[in-house]
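First up is the structure itself, then whatever we jot down about it.
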4 protein chains.
Amino acid sequence: MPSQTRKQREREAHRREILAAAERVFVRKGYYAATVEEIAAEAEFAVGTLYNFFDGKKALYHAAVSEIIGQLYADARRRALGLDDPEQAVGALIELELEYAERHRGFLRVTLEMAPGGELDPAEGLPDEAQRVIDQYRQDVIEVFRRGVERGVFDALDPFYLALCLEGIVKAFITYWSRHEPDEPLAVRCEKLKQTFIGRIKLRQTGPAAEAEPRVDRGQGGQS
Amino acid sequence: MPSQTRKQREREAHRREILAAAERVFVRKGYYAATVEEIAAEAEFAVGTLYNFFDGKKALYHAAVSEIIGQLYADARRRALGLDDPEQAVGALIELELEYAERHRGFLRVTLEMAPGGELDPAEGLPDEAQRVIDQYRQDVIEVFRRGVERGVFDALDPFYLALCLEGIVKAFITYWSRHEPDEPLAVRCEKLKQTFIGRIKLRQTGPAAEAEPRVDRGQGGQS
Amino acid sequence: MPSQTRKQREREAHRREILAAAERVFVRKGYYAATVEEIAAEAEFAVGTLYNFFDGKKALYHAAVSEIIGQLYADARRRALGLDDPEQAVGALIELELEYAERHRGFLRVTLEMAPGGELDPAEGLPDEAQRVIDQYRQDVIEVFRRGVERGVFDALDPFYLALCLEGIVKAFITYWSRHEPDEPLAVRCEKLKQTFIGRIKLRQTGPAAEAEPRVDRGQGGQS
Amino acid sequence: MPSQTRKQREREAHRREILAAAERVFVRKGYYAATVEEIAAEAEFAVGTLYNFFDGKKALYHAAVSEIIGQLYADARRRALGLDDPEQAVGALIELELEYAERHRGFLRVTLEMAPGGELDPAEGLPDEAQRVIDQYRQDVIEVFRRGVERGVFDALDPFYLALCLEGIVKAFITYWSRHEPDEPLAVRCEKLKQTFIGRIKLRQTGPAAEAEPRVDRGQGGQS
DNA sequence: AATGAATGAGTATTCATTCAT
DNA sequence: TATGAATGAATACTCATTCAT
């Protein structure tokens, strides 16, 4: 039944066009400022058509956010999380996230912004699926750190702590740079961030006393 | 004359009540989802009364945000930034911010959320005054780190970098804990965060070879 | 394709219905006292629909005023201004304006009333287009008088002065009659006004034959 | 009882101050755009105080309009209507009205503007008292013309017609000049208007002395 | 009388959603 | 399916009026 299949393919293509348009508009304007009409115009469809594919503005938003986050995660798996060397993996993650933020100016907004009708928590408005992807993403990052600690590449710190720190640091820099135009090219900023972060947590082969503090007072050990 | 003063005091009290109500509602709902009517109800005043004190919803929002941030900064100066010992100062900052986040559940939302009309940048919509306070706050934190590096308490890292990292890390943890109920009491979490962060950046008195790389690959030397 | 055309025609028809309703309401209530809701009800559309056709209350007002004035001017050109004989042209103008005022009871209100935001000048709030039409109308009237003076039909008075006098006189009578129910039929009032005004400005053939004053016994004075 | 009297005098003084402030504001802004608060500020009283003297905004408006019209009428009686010579009286009226319009820029607004809630007629919203004064004023003007015709100073035209024409012409010129800055000083405009209007209606002493037509080259007749 | 803070009904405008074609 | 005109609930803001002090 080729005709049927063509129809299905066409329908799917339209769905993707609408979703892509929604992404662009939400990223441009944020949830509240975006209008269904603008999304429709961006997608070159009539408003009514959007409702044939999605259940409404909120559903469209959820689908768009899921899409973006899904892409990021997929990229991360492909380019970073899959690497065997933890140090390289962390470096690739930083690289990827900075590039992503650079490419999708305003992408942050989608992750940080208050979602519709959200209560108390910035992330609450995210669709469950997106939330799950984010959690999975974080788990994978934690796993990278865990492996790094296990292999003696990183200091014996809590992998979860490390993952959260990485997340926070990268976001802080992205936010800062999105406000104050950075004076260095992306590659340089990226390199610096990688070196410094990794430099902080790499196990120092400081002679024989390769102390085992999972964390803290590492200085004390050196004294002895 | 006392009568005059009483009226003024009452007016000021009403202003504060309204502002407090606005804070609560904005924190609960976010800027867009909050309605002036709800704020008025929360404040137990008529809508019109709000407009006798503030110029509109946006002004109310700005005043509320400025209020919160102003309080935080004032507290920070009193309890942390003024301390002479950089290590103690950083510890006090972490403590203060965590406490603050604990007290104002959802406070983050106000800082992170897209402000009215904001494009692309979460902080763009903040009132100028609040933005100035935030910038000043960050400057003060940078100064603390600068002093720490100068005095040989911290590793020779860029103070600005350190300030931004601290900011990001604290926010990441706050965000995480605001979503996943933490299993440890605040004091413990606070202590851990302080120790680990500070531990990462404290200058290690590693015997004579206390090399001064401002950052990175401190391990390399040992490898060769 | 007829379907496309039908939709367009329907849309245009709806636009006209809304405009007509707005005319009626504005004429009835004046700009400030009219409400968008009332106009919508008069047009038998929902409020929102009005905003699909016009940019707001002011735009609706402007469109309505322009419509009325445009019609008047178009009629004037067709029935009066085009006439070659200045005397006939002036007569036709008077006739037309009186008829117009009779048909659009309250039309004057639209021309005289303070327009939105107007300061100090009744005409200031008129939309530019309407103002241009009014100015053009006046210019055309001036031209009629100029021709009349040139041809020796009218006394050698300033055409601009004559045009303004005509305007004022007609308005004064319309206003008066709109308040005090006139006791004569329109045609009679019209005829009187024409005769008297034209009689005042017609060149007197100063010869002995103390000419056919279109009206009244001016002879009496001479008799005494 | 001097104290009582002082109180009364003070109260009356306050009333007049408020009224004067209302006049200024209504003239400046028109009825709808004026706010009670602005009037109160202009009068240097609290809003509440205004309500001790007047029943509300509409009452204030009515009182203010009545006041203005009353002044105009009083002035007219003193300076124009009382003159025995009809020609001088008409001249003085024109002079007075032009001066009045010049002094109270925006005065016209008060006479022409739609009154609050008025229906169909610009003048309907005027308070009865003001309407009565206007009617009386017009009657007095009619009487001047009647006398002029009776005495053979003016052509034998309907005095009512003449009064209405005068009214309309003066208003038309005032309106025009309020929009297009006049290029002649008030005195000149005033003189021209007087000469032309009166010249149009003065009885011509049809004898040989075809004298001093106030203006323009009617002299043509002399050519013959 | 004077004050001015409090009131709340009233209005223009927006925009997600529906549905007849 | 695609369309886009019609809908009307929702919302920020205004301002005349009241009333306790």
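Numbered from 1 within each chain, the chains take letters A, B, ... in sequence-line order. What you see is a predicted model; the values in this text were computed from it and never measured.
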Reading 5' to 3' and counting Watson-Crick or G-U wobble pairs with both distances under 3.5 Å, write the dot-bracket notation for DNA chain E, | for bases paired outside the strand.
.||||||||||||||||||||

Side-chain donor-acceptor pairs under 3.5 Å in residues 36-51 of chain D, sequence neighbours left out?
{"residue": "D:Glu38", "atom": "OE1", "partner": "D:Lys29", "partner atom": "NZ", "Å": "2.9"}
{"residue": "D:Glu38", "atom": "OE2", "partner": "D:Arg28", "partner atom": "NH2", "Å": "3.1"}
{"residue": "D:Glu38", "atom": "OE2", "partner": "D:Lys29", "partner atom": "NZ", "Å": "3.2"}
{"residue": "D:Glu42", "atom": "OE1", "partner": "D:Arg28", "partner atom": "NH1", "Å": "3.3"}
{"residue": "D:Glu42", "atom": "OE1", "partner": "D:Arg28", "partner atom": "NH2", "Å": "2.9"}
{"residue": "D:Glu42", "atom": "OE2", "partner": "D:Arg24", "partner atom": "NE", "Å": "2.6"}
{"residue": "D:Glu42", "atom": "OE2", "partner": "D:Arg24", "partner atom": "NH2", "Å": "3.4"}

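- Looking at residues two or more places apart in sequence or on another chain, you find a side chain to side chain contact (heavy atoms under 4.5 Å, CB included) between C:Glu12 and C:Arg15, C:Arg16.
- Take the nearest nucleotide of DNA chain F for C:Thr49 and for A:Thr49: the residue whose nucleotide is more 5' is A:Thr49.
- Put simply, the side chain of D:Leu19 reaches to within 4.5 Å of the side chain of D:Phe54, judged on heavy atoms.
- Contacts between residues 41-48 of chain A and DNA chain F, counted as heavy-atom distances below 4.0 Å, involve A:Phe45, A:Ala46, A:Val47, A:Gly48.
- Residue C:Ala34 is classed as a sugar-phosphate contact, given heavy-atom separations below 4.0 Å to backbone atoms only.
- Distances from the side chain of B:Lys7 to the nucleotides E:dA16, E:dG4, F:dA12 place E:dG4 closest.
- Legend: residues meeting side chain to side chain contact (heavy atoms under 4.5 Å, CB included) with C:Gln71, ordered by chain and number and at least two apart, are C:Glu67, C:Tyr100, C:His104.
- Side-chain contact between B:Arg6 and B:Arg9 is present, with at least one heavy-atom pair separated by less than 4.5 Å.
- What separates CG of C:Asn52 from P of E:dT18 is a distance of 17 Å, to the nearest Å.
- Taking the six-membered ring where the residue is Trp, B:Tyr31 and B:Tyr61 present perpendicular rings, their angle passing 60° and hence far from 30°.
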